[in-house]
Amino acid sequence: MLKRTLSLIMNVSFSVGIVIIIAAYPILGKNTIGKPGMWFAVLTCFLVGIVVIGFSLITKSRLLANLYQGISLLVYLMMIGIALLVLSGGLQILSILLGMLGILNSGGYLLILMKPQFS
């Protein structure tokens with residue numbers, strides 16, 4: 001249970017990192033770092049993660065946490081794709097690194113989840 005909870009906590013921090021990377025991408029020469037919309041998106045990611053963690057700890061049900069990890073895995077795959085297609089320089093490297101860390105985290109969680117089936 002502790003490994004799953006730590007994986008969810010790491011996933012929340014990676015999600016916040018993705019929001020910050022997207023905010024750093026310049027659109028028409030300007031980025032959105034520090035703007036109210038960025039902080040709202042960071043707060044939303046954080047609150048959704050806390051609700052998922054709290055719900056899974058209180059109810060001992062892992063269905064919502066499993067769904068959250070699966071959706072996050074898709075987001076990390078898309079993040080790598082977007083980084084390869086659109087971004088350049090240090091932002092591209094950082095995006096790919098964060099996407100790979102997220103894939104390892106979500107994949108590890110799903111492997112821990114499937115381990116009882118193989119035993």
- Query: Can you tell if the side chain of Tyr68 reaches within under 4.5 Å of the side chain of Val12, non-hydrogen atoms only?
  - Reply: yes
- Would a 4.5 Å heavy-atom cut-off, applied to side chains only, mark Ser15 and Tyr76 as touching? yes
- Task: Keeping to residues at least two apart or across chains, list the side-chain hydrogen bond (donor to acceptor under 3.5 Å, both in side chains) pairs with something in residues 17-26.
- Result: none
- Task: Check Leu8 against Ser56 and note the closest heavy-atom contact, atom names and distance.
- Result: CD1-OG, 3.9 Å
- Task: Under the side-chain contact (heavy atoms from CB on, under 4.5 Å) rule, collect the residues that match up with Leu104, sequence neighbours excluded.
- Result: none
- Apply side-chain contact (heavy atoms from CB on, under 4.5 Å) to Leu64 and list each qualifying residue two or more places apart in sequence or on a separate chain. Val52, Phe55
- Message: Which residues end up grouped with Leu47 if you chain together Ile, Leu, Val, Met, Phe, Trp and Tyr wherever their side-chain heavy atoms are less than 4.5 Å apart?
- Response: Leu43
- Members sharing Trp39's hydrophobic cluster (side chains within less than 4.5 Å): Val16, Val19, Ile20, Ile33, Met38, Val42
- Output, in order, the C-alpha distance, side-chain angles, deciding distance and verdict of side-chain hydrogen bond (donor to acceptor under 3.5 Å, both in side chains) for Tyr109 and Asn66. CA-CA 8 Å; Tyr109 177 89; Asn66 297 345; 2.8 Å; yes
- Spell out, yes or no, whether Ile9 and Val48 are grouped together once hydrophobic residues are joined by side-chain heavy atoms under 4.5 Å, including indirect joins. yes
First locate atom [atom1] of [X], then atom [atom2] of [Y], and finally report the distance between them rounded to the nearest 0.5 Å.
X	Y	atom1	atom2	result
Ile50	Cys45	CD1	SG	11.5 Å
Leu73	Met78	CG	CE	10.0 Å
Lys30	Lys35	NZ	NZ	6.5 Å

- When you measure from the side chain of Asn105 to the backbone N and O of Ser7, does any donor-acceptor pair fall under 3.5 Å? yes
- Evaluate whether atom CG of Leu74 has more than 12 neighbouring non-hydrogen atoms of other residues, nucleotides or ligands under 6.0 angstrom away. yes
Table please: side-chain donor-acceptor pairs of residues 79-103 below 3.5 Å, with sequence neighbours left out.
from, atom 1, to, atom 2, distance (Å)
Gln92, NE2, Ala83, O, 3.1
Ser95, OG, Leu91, O, 2.7

